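Only one structure is covered here, and it is reproduced in the block below.
A quick note: this is a predicted structure, and the numbers were derived from the prediction, not measured.
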Amino acid sequence: IKNRTRTVYMQKRNRTMLGESKLFGEYLLKRFHRETGIRSFVARLFNGYGRRETNPHVIPEIVNQVSKSDQVVLGNIAPKRDFIHTADISRALRSMSGKDGLDLGTFNVGTGEEHSVVEIVNVISELLGKPIKIICEEGRKRKLERFHLSADTSRIRSTLGWRPQVTLKDGFRDMLESVGLYRGLFNHIIIKEVFSWIQKTGISTGINTQLLPKIGGNLMGIRAVCYG
């Protein structure tokens, strides 16, 4: 059975203690809004990942292990989760706060897609250009596990016009760059942010924003458009 957002937050028979605590927090926020009139938004963040991760989640654990070895020791690798890069999370939060006429709202912040741990390891393996062996240890497996979990993002897409922009491959390329494991010529996420900003503002005279998507990650190309 595919567990989407409604299953985690709304169906009482399937709620966990974590789900209950989150719902109570949402109730408190909505009550705060009613009593104060202050704009308030609930952002249901799915499995975020990005640079400088400090929580002991599976992704930083994988990155830490591949920095030392060509194999990773993990628990259950079958469950699939909705992994979203912190750059997209930040963009979603900015969209909520910047929406005129919206004073209260609840939004799922995810990609709407799910990926297994095996897929994550395969993406990292491809980026590093080396095979990575997965070793599963029974002692690392959770006793209770949800095998499918992804966000229903229809509300945030229709209300705020927000869409995730960082692909899984670009997101992990960025993570690997941040710890010195990947030596790319350009940071794709930063370049996309620059493209988006220039296209929205058109602030620099002489920049043909229609050419930017064709330039891709070529900074020399950007310089040629700006000054050529």
Side-chain angles (χ1 to χ4, degrees), residues 1-5 7-8 14 16-19 44-91 108-153 163-193 216-218:
I1 300 174
K2 184 167 185 175
N3 291 306
R4 294 188 68 86
T5 314
T7 304
V8 178
N14 286 329
T16 62
M17 183 64 72
L18 177 61
R44 294 173 174 172
L45 307 181
F46 279 66
N47 293 68
Y49 71 98
R51 294 181 170 226
R52 295 179 292 279
E53 174 65 78
T54 57
N55 292 322
H57 297 157
V58 64
I59 290 180
E61 177 65 20
I62 292 172
V63 172
N64 179 58
Q65 289 192 37
V66 298
S67 69
K68 304 172 184 177
S69 172
D70 290 339
Q71 66 180 30
V72 290
V73 182
L74 303 169
N76 197 336
I77 59 176
K80 294 186 175 183
R81 294 291 184 267
D82 190 333
F83 296 102
I84 178 168
H85 195 273
T86 50
D88 279 330
I89 292 176
S90 173
R91 195 178 301 108
N108 298 324
V109 182
T111 65
E113 301 177 357
E114 56 181 18
H115 299 278
S116 69
V117 176
V118 174
E119 292 176 77
I120 299 302
V121 174
N122 287 340
V123 169
I124 293 176
S125 174
E126 179 185 351
L127 288 168
L128 297 181
K130 68 176 184 178
I132 299 174
K133 181 180 179 180
I134 300 176
I135 299 175
C136 295
E137 285 189 352
E138 288 296 323
R140 287 175 172 259
K141 293 183 179 180
R142 293 176 177 173
K143 294 181 179 180
L144 297 176
E145 185 66 84
R146 291 184 184 274
F147 284 89
H148 297 276
L149 186 61
S150 61
D152 179 353
T153 60
R163 301 284 190 282
Q165 297 182 16
V166 181
T167 65
L168 196 67
K169 190 171 184 178
D170 281 350
F172 281 102
R173 181 188 287 113
D174 179 65
M175 272 197 78
L176 295 173
E177 284 180 352
S178 71
V179 295
L181 293 179
Y182 184 88
R183 299 295 183 184
L185 185 57
F186 308 115
N187 187 301
H188 293 65
I189 293 177
I190 293 177
I191 289 172
K192 285 183 178 179
E193 290 286 348
N218 191 334

Could you give the distance from CD (E126) to CZ (R173), rounded to the nearest 0.5 Å?
9.0 Å
Less than 4.5 Å apart, side chain to side chain, heavy atoms only: is that true for V63 and M175?
yes
Return yes if some donor-acceptor pair links the side-chain N/O of E119 with the main-chain N/O of S116 below 3.5 Å, else return no.
yes
Which residue, V72, I77, L168, V58, forms the side-chain contact (heavy atoms from CB on, under 4.5 Å) with I120?
L168
Answer whether the closest heavy-atom distance between the side chains of Q165 and D88 falls below 4.5 Å.
yes
Could you walk me through whether F46 and T111 pass the side-chain contact (heavy atoms from CB on, under 4.5 Å) check?
CA-CA 9 Å; F46 279 66; T111 65; over 6 Å; no
Rounded distance [0.5 Å steps], OG in S125 versus CD1 in I62:
11.5 Å
Run the side-chain contact (heavy atoms from CB on, under 4.5 Å) check on L149 and E114 step by step: do they pass?
CA-CA 7 Å; L149 186 61; E114 56 181 18; 5.7 Å; no
With side-chain contact (heavy atoms from CB on, under 4.5 Å) as the criterion, how do H85 and Y49 come out once you've worked through the C-alpha distance, each side chain's angles and the decisive distance to 0.1 Å?
CA-CA 5 Å; H85 195 273; Y49 71 98; 3.7 Å; yes
Taking atom CZ of R81 and atom NE2 of H115, what is their separation to the nearest 0.5 Å?
13.0 Å
Between V73 and Q65, which heavy-atom pair has the shortest distance, and what is it?
N-OE1, 2.6 Å
Could you tell me if the side chain of L181 sits less than 4.5 Å from the side chain of L127, heavy atoms only?
no
Kindly determine whether I84 and L45 satisfy side-chain contact (heavy atoms from CB on, under 4.5 Å), including the steps that lead there.
CA-CA 9 Å; I84 178 168; L45 307 181; over 6 Å; no
